[in-house]
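Shown next, in structure tokens, is the structure this report addresses.
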Amino acid sequence: MEKPRLAVFKFASCDGCQLSLLDAEDQLLSVADALEIVYFPEATSRMEAGPYDIALIEGSISTPHDAARIQQVRRDSRFLMTIGACATSGGIQALRNGADSAEFMRAVYASPGYIEVLDQSTPIADHVTVDFELRGCPINQYQLIEVIQSLLAGRTPRTPGHSVCLDCKRRGTVCITVAQGIACLGPVTQSGCNALCPSYNRGCYGCFGPASQSNLVSLTSQMEQDGASKQEISNSLQNFNNNAPAFREESRRLLDRNGEPY
Amino acid sequence: MEIQQLQEIMQQLRFTSDLSAGEQQQLAAISRFEDFSRNETVFTEGTEHPNLYIILSGRVEICMTIPARGCLPVLTLEEGDLLGWSSLLKQGEMTATVVAVEQTRVIAIDAAALAQVCEQDHDIGYQIMRRMSLALSQRLVASRLQVLDMYAVSDEAHTLKQGGTHE
Amino acid sequence: MNDSVQSVDPETCFLTLDEFARLFEVLISRGYEVIGPTIDQEAIVYGQLSSIDDLPRGWTDQQEPGKYRLVRRDDNALFGYVVGPSSWKKQLFPPVSTLARADRTEEGWQFQEAKEETPRYAFLGVRACELAAMKIQDRVFTGGPYVDSIYEQRRSQALVIAVNCTQAASTCFCTSMETGPRCKAGFDLALTELPDGFLVEVATAAGAEILSDLQTMKVSPEQDTQANAARQQAVDQIERRFDTTDIKDLLMSNLEHPRWDDVAERCLSCTNCTMVCPTCFCSSVEEVSDLTGDHVERQRQWDSCFNLDFSYMNGGLVRNSIRNRYRQWLTHKLATWIDQFGTSGCVGCGRCITWCPVGIDLTQEVNAIRESES
Amino acid sequence: MGDRKIKVETLTRVEGEGGLFIRMSGDTIEEVRLEIYEPPRLFEALLRGRPLEDTPDITARICGICPVAYQMSSVHALEAALEVTVSPEIRRLRRLLYCGEWIESHGLHMHLLHAPDFLGFESGLEMAKQFPEEVNRGLRLKKHGNQLVDLLGGRAIHPVNVCVGGFYRIPNRNEFQKLIPDFEWGLNAAMETTRWVAGFDFPEMESDCEFISLSHPDEYPMNDGVMKSSLGDVIEVDQYEAEFEERQVPHSTALQAFRKSTGRPYLLGPLSRINLNRQQLFPQARKLADEIGWEPVCRNPHKAIIARGLEIVHAYEEALSILRDQHPAGKPRESYSPQAGIGKSATEAPRGTLYHRYEIDDQGKIIEACIVPPTSQNQAQIEVDLKHLVTESAGQEDAELGRKCENLVRAYDPCISCSTHFLKVTIDRH
Amino acid sequence: MNSTVGKQAEKSDSIWVAKTAVIHEIAAEVSGVATYQLSLRDAAAAQSYRFEPGQFNMLYIPGAGESAISMSGDPADCGTLAHTIRLAGNVTRSIAALKVGDTLGLRGPFGTSWPREDCRGKNVILVAGGIGLPPLRPFIYQLLAQRDEYGSLHLLYGARTPEMRVYTREYDRWRAEGLEIRETVDRSSPGWRGNVGVVPQLLERLTGFDPAETILLICGPDLMMRFTARAALQRGMTSEQIWVSTERNMQCAVGLCGHCQLGPEFICKDGPVFRYDQISPYLKVEGL
């Protein structure tokens with residue numbers, strides 16, 4: 001049987017998610033054995049054209065060139081999977097979406113005229129059909145391996161959708177909000193990090209984006225009751241998944257609508 | 001002779017069995033037996049039709065026409081089922097085409113006469129309409145169930161996008 | 001611990017603080033892993049103890065809906081707190097355990113039990129509500145036609161040393177659930193803490209055997225009075241009342257009550273209440289395999305009815321809203337549990353109230369429904 | 001000979017995406033250009049107005065390969081602005097964290113990205129088939145680095161435990177102790193690896209560049225010190241922006257860094273660090289440098305792979321010394337109250353000096369941020385060295401010349417992801 | 001009440017450990033549905049294995065997981081265990097990838113069975129919808145094996161389309177042995193001369209039985225069961241005469257994991273077969 005052809009593509013991102021694959025030191029060689037890695041510039045000089053069986057996409061779309069490039073990648077790829085917050089929600093760089101992007105460019109570049117960028121940094125799914133999304137900033141290496149394993153076995157990958165809280169309890173972390181009054185996005189954030197931050201005595205900052213049916217209004221109301229300002233709460237939602245609809249809407253509700261419901 | 005025979009049968013049919021003898025007789029007076037051979041059309045969608053039917057034996061199918069797909073059967077009716085309510089309710093043209101799937105014997109009731117009977121005697125009219133409502137409500141429930149496609153293979157396309165599909 | 005061997009009228013004796021300190025070495029030398037209260041992560045949790053010094057000496061907990069704080073006591077009480085975020089469920093029904101293994105061989109799949117050595121626990125500091133919770137989980141895991149061997153083995157080997165509450169938190173309502181605060185059954189030894197030692201009730205042979213390694217004293221009438229007063233203090237401090245009259249019918253006849261929508265606006269569906277609950281027992285099994293897929297383990301993990309996927313069926317989700325999931329949890333805990341196991345699933349420990357990040361109080365939710373009825 | 005253009009569309013085995021463009025007219029080299037395709041992500045702009053506490057988490061996202069470096073430079077700069085001094089214990093732990101990143105990043109670059117060039121493979125994964133022992137050893141080293149960052153930072157990529165003032169939580173002694181056996185093995189393995197790469201067949205090359213790195217009297221430079229130059233002078237970190245400047249050069253659309261006083265580009269990174277701080281290496285690393293005959297000043301950029309090996313050895317030694325002597329006792333972080341001010345810091349990322357400057361207001365919000373990553377500073381020097389290489393090898397076929405250039409670029413371990421928000425970029429690939 | 005014979009054969013066996021089953025035969029039924037004949041590899045286990053109609057096994061593909069699949073073979077022959085499986089999820093897709101001779105894991109049997117004793121001396125109407133026929137088939141075999149002990153026997157079967165009807169090859173034999181079969185499909189297709197319409201209508205029309213002396217057994221989607229039961233109640237039957245086989249997310253199969261709860265019932269352990277009065281209040285509540 002021919003091995004599935006794997007390609008890894010990068011758009012606007014930090015490289016961390018594709019590094020997760022190279023960081024799977026124990027499985028890396030067996031992954032490389034089970035698949036043909038035919039396009040993965042960070043790891044190999046082998047650069048074959050499509051079609052690809054599995055394409056991993058890192059990064060968001062933020063330039064006209066990338067907007068065109070992703071279309072070709074989609075045409076070339078049978079199973080297209082986005083990896084990480086940039087690709088699934090637009091990434092930290094989507095913070096510019098609401099802002100004056102020309103002003104943003106001027107703040108960083110002396111003569112921004114050279115740089116051709118779109119006003120918005122958007123997730124891959126805004127441009128092409130995505131077959132599977134792996135969340136996280138960065139993604140969880142074990143989830144990535146599980147997905148690859150599932151694809152090899154012809155299964156639907158299993159990645160849990162529960163909140164961070166469940167993982168805190170499974171690993172025996174005491175709730176930092178209740179016991180210490182530390183603000184935490186855990187109750188509304190999807191698991192995947194194994195409830196990392198609370199185990200390091202800090203509040204979850206939402207790397208894996210909103211959990212399904214997350215009740216943000218209730219959590220942010222509680223945070224306000226505990227003394228946080230709307231600006232501070234909104235700020236806590238404006239991280240790597242700021243453009244994920246649930247976080248984005250709640251942040252806007254707090255700031256633009258002064259907390260009034262839509 | 002035929003009226004008597006009709007009346008006897010009406011005592012058995014679920015549509016008419018618990019009507020009073022007088023009412024059954026009134027109904028029998030405006031009814032007659034009719035037979036359709038296999039593949040014979042009972043009435044056609046878009047036409048006006050004088051009769052209402054109760055099926056005694058055999059089977060008919062209700063078909064509706066979709067261009068390029070032809071006349072598609074949506075429901076089959078058999079013994080005891082009511083057919084052709086449009087003619088009684090004076091809704092104008094028939095809403096479907098009905099064809100006998102096999103040799104079928106029906107009681108054909110003159111719709112205009114039945115309407116008149118109901119009009120003149122609201123007691124019997126109430127009885128007839130109540131039964132018809134029941135039959136139609138069952139038909140309606142059945143149609144809903146059909147629409148819901150109960151047996152559709154609900155593929156376990158399980159949360160392909162993390163969290164995404166549940167929102 | 002086995003109910004049937006518990007004597008009806010337990011013997012009582014007194015243990016000085018010094019002798020109590022020796023209890024640890026006695027237990028450890030007898031091969032027990034001592035689990036009890038200790039301070040970790042700004043809370044009193046149940047963890048492995050090696051000496052009396054690991055106990056939360058001089059600390060107490062203050063609790064209210066959505067809030068827990070450690071506070072210094074003005075004495076050196078060792079068990080001067082109420083209950084914390086952890087329960088003994090963690091030891092008896094571990095958050096993660098391997099149920100079985102599968103290995104692909106030339107003759108096809110081979111399946112075998114995942115044999116793990118069962119730890120022999122001595123639980124120190126079990127509260128009355130927690131004894132009730134263990135009894136409830138006993139029914140769940142061992143009372144039906146199918147017995148969960150992991151639970152059963154851990155449970156049957158465990159020594160239970162209860163400690164009577166001498167104070168209560170604002171979230172406690174064990175008196176309403178008739179589970180406390182006095183430890184009445186289900187223990188090997190039960191302690192009541194006094195300033196200079198412990199009153200010890202001996203309920204089983206196993207308990208007596210442990211005590212035989214320690215110097216015990218006769219209980220003086222003053223000590224007895226003191227202990228009664230200490231226990232009474234807990235009773236007196238319980239302010240929360242919860243009316244459980246006909247609660248099953250009340251809830252099951254109000255499955256479409258608007259209050260479920262109301263609580264759904266507040267509920268985060270975060271699973272915290274179910275995770276801290278000492279009786280909640282839902283779990284899921286995950287397949288854990290190597291990349292070849294030839295060696296697979298089935299891992300059971302705590303799960304929660306608040307999880308969206310929990311009710312997944314045929315490509316859809318049965319309880320696809322927070323309202324439905326909260327209703328499931330509450331009606332199960334307080335109503336249908338009675339049908340299934342003959343008791344309420346709630347012991348009145350108040351953990352779900354304290355550890356809810358937004359302070360949802362199940363007693364208030366039920367009261368709201370009850371009030372709308374009358 | 002007429003016009004000649006050589007284009008390497010996509011540089012492989014480097015972090016981030018870029019290309020290489022060479023234009024010659026006859027024997028004259030008109031242009032040698034590293035092209036950057038990475039879209040800008042505007043970090044300095046989006047930091048403005050945010051609480052300073054967010055900075056280490058956000059700047060880490062500039063680069064998934066060296067997030068620790070970003071976190072280190074940012075917390076040091078912010079602590080400077082806040083006038084916070086961290087305890088010796090925290091300082092030591094920060095070095096330990098940095099050791100983890102160096103081991104991981106150097107391990108990755110040496111085994112999976114760079115070594116295949118010397119042995120003729122498309123990738124480290126391909127190379128593993130013929131050199132399983134070496135690649136597996138490399139993966140294990142890399143894994144140790146990750147384990148260390150994982151323990152102290154919470155996770156290998158974008159650690160969560162670093163904060164202004166220290167850490168959120170300090171792991172307990174037991175957690176540190178557990179790593180020691182692996183690290184003892186790793187120290188020996190790292191020496192083996194270094195001996196292995198030292199035996200590669202290196203192309204002859206001499207770069208007359210200026211080496212610059214942090215320097216510290218008592219320790220190998222990581223998160224503290226002054227800037228030292230191979231020209232002999234010393235620059236205070238405070239003077240960084242006064243001394244180094246970015247300029248538009250005619251042959252490139254990118255801004256490139258030069259030293260004002262010399263008007264010439266300079267080189268940061270492992271080669272510079274070793275050349276300037278060899279005496280501060282831990283004993284075994286220093287001994288190994290002698291053993292493999294490391295020159296007093298190595299000017300061959302291809303040999304940076306050996307420098308990385310020596311630095312891994314050093315990182316293992318230093319990590320072990322910290323791990324063995326770890327008795328967490330003090331508070332995990334220093335407290336502070338917000339105050340208006342400006343803070344600057346430079347630390348040594350695996351690829352070289354990473355400079356941060358922040359201006360904060362009295363509420364603790366960021367007013368202005370300036371981040372200067374090593375790769376964007378090295379770019380000018382890389383182009384100079386490329387030009388040199390092209391001049392010497394002009395007679396070769398396009399493909400061969402292109403390949404040689406690509407190999408040279410890889411020797412610097414450029415991190416294009418990092419450099420982008422700083423560099424002027426053109427998105428036009430063609 | 002109906003019996004539970006799901007206790008493990010040997011006390012020492014963990015309830016969590018599957019037994020190795022070998023695939024003997026795979027017969028395609030209809031699109032996406034096939035019947036697998038399995039046998040337990042361990043001779044002693046195979047020897048002692050017994051099940052009652054209505055019960056299910058957990059079939060296990062390591063790595064993919066377990067799936068609850070009804071027994072669909074003849075309970076008189078427990079040597080081979082038939083399971084009719086529809087491709088739906090990870091597990092069933094993985095099973096579909098297996099071939100004759102391959103192995104998989106099996107735990108069971110679990111759950112309650114059809115009320116054989118209640119049926120004795122009564123008319124029995126079996127109503128099946130779609131893939132709801134396989135769980136009834138063992139009971140059909142059982143009824144027909146002792147045909148004399150029952151009154152009239154009817155099978156009312158509704159499928160989505162004529163092509164989706166399962167076990168059609170057996171209908172003639174069943175008819176010959178005394179089972180009257182009526183079928184209907186939701187959607188007709190060319191050449192279909194049978195009924196079009198939904199299953200409850202078959203029950204509405206059914207004549208020649210005394211509702212008071214009849215037991216109705218229903219297996220199919222929740223909705224189909226509710227409306228079939230409704231039609232039966234309209235015909236004068238009582239809830240006590242109606243039995244249904246329900247479906248929820250069965251995972252542990254022994255009532256210990258909580259997934260398949262419906263009201264007070266764990267479907268895996270207290271069901272899947274319930275008397276209608278016991279379960280109907282909960283079937284009607286949305287999202288319970």
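Basis for what follows: all heavy atoms, side chains included, without hydrogens, waters or symmetry-related copies. In what follows, chains are A, B, ... by sequence order, proteins preceding strands, each numbered from 1. None of these values were measured; they are calculated from a predicted model.
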message: Quick check for you: to the nearest 0.5 Å, what is the distance between E:Asp222 atom CG and C:Met313 atom CE?
response: 5.5 Å
message: List the residues meeting side-chain contact (heavy atoms from CB on, under 4.5 Å) with C:Thr331, not counting sequence neighbours, and say none if there are none.
response: C:Leu251, C:Met252, C:Leu255, C:Trp260, C:Arg327
- line: Whatever's closer than 4.5 Å to a heavy atom in chain C on E:Ala21 counts as neither
message: Can you list the residues of residues 98-111 of chain C that sit under 4.5 Å from chain E, counting heavy atoms only?
response: C:Leu99, C:Ala100, C:Ala102, C:Glu107, C:Gly108, C:Trp109, C:Gln110, C:Phe111
field: Most contacts with chain C, counted as non-hydrogen pairs under 4.5 angstrom, among E:Glu286, E:Arg248, E:Glu66, E:Gln261
entry: E:Gln261
Chain E contact via C:Val285 - which portion, at a heavy-atom distance below 4.5 Å: backbone
- request: Quick one: list whatever passes side-chain hydrogen bond (donor to acceptor under 3.5 Å, both in side chains) with C:Arg325, sequence neighbours left out.
  value: A:Gln213, C:Ser269
field: Pairs satisfying salt bridge (Lys or Arg N to Asp or Glu O under 4.0 Å), at least one member in residues 276-289 of chain C, at least two apart
entry: C:Glu287-C:Arg298
query: For E:Glu265, is it the side chain, the backbone, both, or neither that has a heavy atom closer than 4.5 Å to a heavy atom of chain C?
result: backbone
Separation between CZ of E:Phe266 and OH of C:Tyr146, rounded to the nearest 0.5 Å: 13.5 Å
query: Does the side chain of E:His259 come under 3.5 Å of the side chain of C:Ser311 through a donor N or O and an acceptor N or O?
result: no
- prompt: In terms of heavy-atom proximity below 4.5 Å to chain C, should E:Ile61 be classed as side chain, backbone, both, or neither?
  reply: backbone
